[in-house]
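A, B, ... follow the sequence lines: proteins, then strands. Residue 1 opens every chain.
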2 protein chains.
Amino acid sequence: MSPLRAKRIHFRTKKYRSPDGLPTDICLFTILSIPRHTKTKSLPHKQLAVLLIKRKSDTFGEQWALPGGFSHESETLDECAYRELKEETNIDRDVHIEQLKTYYKPGRDPRGWIPSVAYVSLVHEELLKHTQANDDASDAQLFPIEEAFALNLAFDHREILTDALQRVREQMLQTTIAKAFLPDEFTLSELLQVIETVVPSFSSKDRGNFERRLLATTRRQGLLEPVLSADGQPVYSTEFSNSPAKLYRFTGFTPTAMIY
Amino acid sequence: MSPLRAKRIHFRTKKYRSPDGLPTDICLFTILSIPRHTKTKSLPHKQLAVLLIKRKSDTFGEQWALPGGFSHESETLDECAYRELKEETNIDRDVHIEQLKTYYKPGRDPRGWIPSVAYVSLVHEELLKHTQANDDASDAQLFPIEEAFALNLAFDHREILTDALQRVREQMLQTTIAKAFLPDEFTLSELLQVIETVVPSFSSKDRGNFERRLLATTRRQGLLEPVLSADGQPVYSTEFSNSPAKLYRFTGFTPTAMIY
DNA sequence: GTAATAGTGTCTCTGAGACAGTATCTC
DNA sequence: GAGATACTGTCTCAGAGACACTATTAC
């Protein structure tokens, strides 16, 4: 028996009752595209959605809950969250996942002293195309956020979801996380749509001015760069419009937002 | 024995090894005032500092560490953090305290599986005047942040401190947490000093333009309001200057900072 | 008058937003 | 030409920042 192990056991038997487990729970957000049946090519409607799983008959009966599971001593919390995310979605690529907050109050889990480390993950819908979440018979399902809030969620998951949504809205305006919902190369209309979908109050009402703000102001110089082909010409997309739209990508530079 | 208790015990013996404790650790920041010996009244120099405690001879020897302690099943994490904060500082008033993040990786604490829920607290130095931290013989001491980073901190507390500082810097520019370091009523120079102390890169170089930005722009209308006396006249302070300076307070309104 | 902070005036250039107009392409 | 998106032009007013200037008070 190693000295380290001896020390641990000494510690455990000494003094404290300790938690009955430390699970991570994940608020996985995605943006669903709903095609509009228009006479010419058009941008789809977009809807912010969250992944929920139906709990097997346990203490919380058949309620919907955030996906998650217990962490192990041998892994970090990030690893646990990512492992759970992969188990639920079969995603194998790296996705945006970030710790939100740890929740505990007496009684939050009727099984005992079980805090929960909540994570927020943002995933492009494309990566969810072939996961259980799209199988109606599955216990996992994507819900538009208003519908999710209408459900009677297990544990304190409504509170977690509320906090997660607030965090994502703040970050959508102050960082470049919009990129989690976009392909590497995107048009300005797509970017604007993502922002408006996550933060309904943003609504710029004017694609033209949005474009100028992003491209013509020195404060934001370098936030976006046009995608160029081998011969230095801008690359256009006609995916959502007959009129070709310039493609952009994020550069990595993020201007600092401040109130003063 | 209640059904709940029975269920818990069933759960505990079933399957999982669980953490050996869930402590909270606190990054308590304050701003120290260092008087300048000038010929007339002047603003003191300000320095951002963090509270550290010297660990008794345990696994980490005599290293400095963030204050903290184990949470109990009967309390929330916020309550635990606040309790620990009070124990270390004897503060009895409400102060700004906010959860930062939960840290765990295998081996972070040689005593076993012990994650740590980190908190950030911002406290006006006035409230620390009569605490252990000002007693040199005490095990608790305030360190200017550069000095704190020069120390070899226990556990992963350097990483926590780094994250905490980054969070405070972001929030200083995007929220009104500056109020945690200010009295209810303050002058614009005091506010500017607080911002510059926490975010050295802010340096506005021009008190005059700072004043106009805060008072004359519609976007920020209502961020600050002048303090008025009973007869509706503005109230002035001569605490830091022979020339009386108007006093302001935060209103509660916070403009939203955004990058788009 | 001097030392320190408090505050104003003015000028220039950037930027935000309203609104209208033109362009592009498919059917 | 209709339908949809993709821009560009123009005008006005707000705001950022540089810089210089005046004001206030104790000593």
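Within 6.0 Å of atom CZ in B/Arg36, more than 12 heavy atoms from other residues, nucleotides or ligands are found, so the atom counts as buried in its surroundings.
Between the C1' atom of D/dA6 and the CG atom of A/Leu192 lies a distance of 13 Å, rounded to the nearest Å. Taking atom CZ of residue A/Phe210 and atom P of nucleotide C/dA18, one finds them 15 Å apart after rounding to whole Å. In this structure, B/Leu247 places its CG atom 17 Å from P of C/dT5, rounding to the nearest Å. Between B/Leu215 atom CG and C/dG7 atom P there is a gap of 9 Å when expressed in whole angstrom units. A/Lys39 has its NZ atom 17 Å from the P atom of D/dG1, to the nearest Å. One interatomic measurement links the two molecules: CG of B/Asn209 to P of C/dT12, which rounds to 16 Å at whole-angstrom precision. A straight line from CZ of A/Arg219 to C1' of D/dA16 spans 11 Å, rounded to a whole angstrom. For the pair A/Tyr236 OH and C/dC25 P, the interatomic distance rounds to 10 Å; values are reported in whole Å.
Within 4.0 Å of A/Lys246, counting heavy atoms only, lie sugar-phosphate atoms of the nucleic acid but no base atom. Nucleic acid contact for B/Leu188: none, since no nucleic acid atom lies under 4.0 Å from a heavy atom of the residue. As judged by a 4.0 angstrom heavy-atom cut-off over every strand, B/Thr218 is placed among residues touching the sugar-phosphate backbone only.
Each of C/dT8, C/dC19, C/dT5 was ranked by its minimum atom distance to the side chain of B/Ser42; first place goes to C/dT5.
Not a single donor-acceptor contact under 3.5 angstrom links the side-chain atoms of B/Asn242 to the base of C/dA3. With hydrogens and angles ignored, a donor-acceptor pair closer than 3.5 Å exists between the side chain of B/Arg212 and the base of C/dT10.
Ranked by how close their nearest DNA chain D nucleotide is to the 5' end, A/Ser189 and B/Thr238 are led by A/Ser189. Of the two residues contacting DNA chain C, namely B/Ala245 and A/Thr217, the nearest-nucleotide position lying further toward the 5' end is that of B/Ala245.
Aromatic ring centres of B/Phe181 and B/Phe29 lie farther apart than the 6.0 Å criterion allows. The aromatic ring centres of B/Phe186 and B/Phe250 sit less than 6.0 Å apart.
Side-chain N/O atoms of A/Arg213 include none lying less than 4.0 angstrom from OP1 or OP2 on C/dA16. In terms of phosphate contacts, B/Arg36 brings a side-chain nitrogen or oxygen within less than 4.0 Å of OP1 or OP2 of C/dT5. Phosphate contact (OP1/OP2 of D/dT5, side-chain N/O of A/Thr40, threshold under 4.0 Å): absent. Phosphate contact (OP1/OP2 of D/dA18, side-chain N/O of B/Arg207, threshold under 4.0 Å): absent.
Although no hydrogens or angles enter the test, the distance criterion places a donor-acceptor pair under 3.5 Å between the side chain of B/Glu190 and the main chain of B/Thr187.
Using bins of under 30°, 30° to 60° and over 60° for the plane-to-plane angle, the ring pair A/Tyr260/B/Phe210 lands in the tilted bin.
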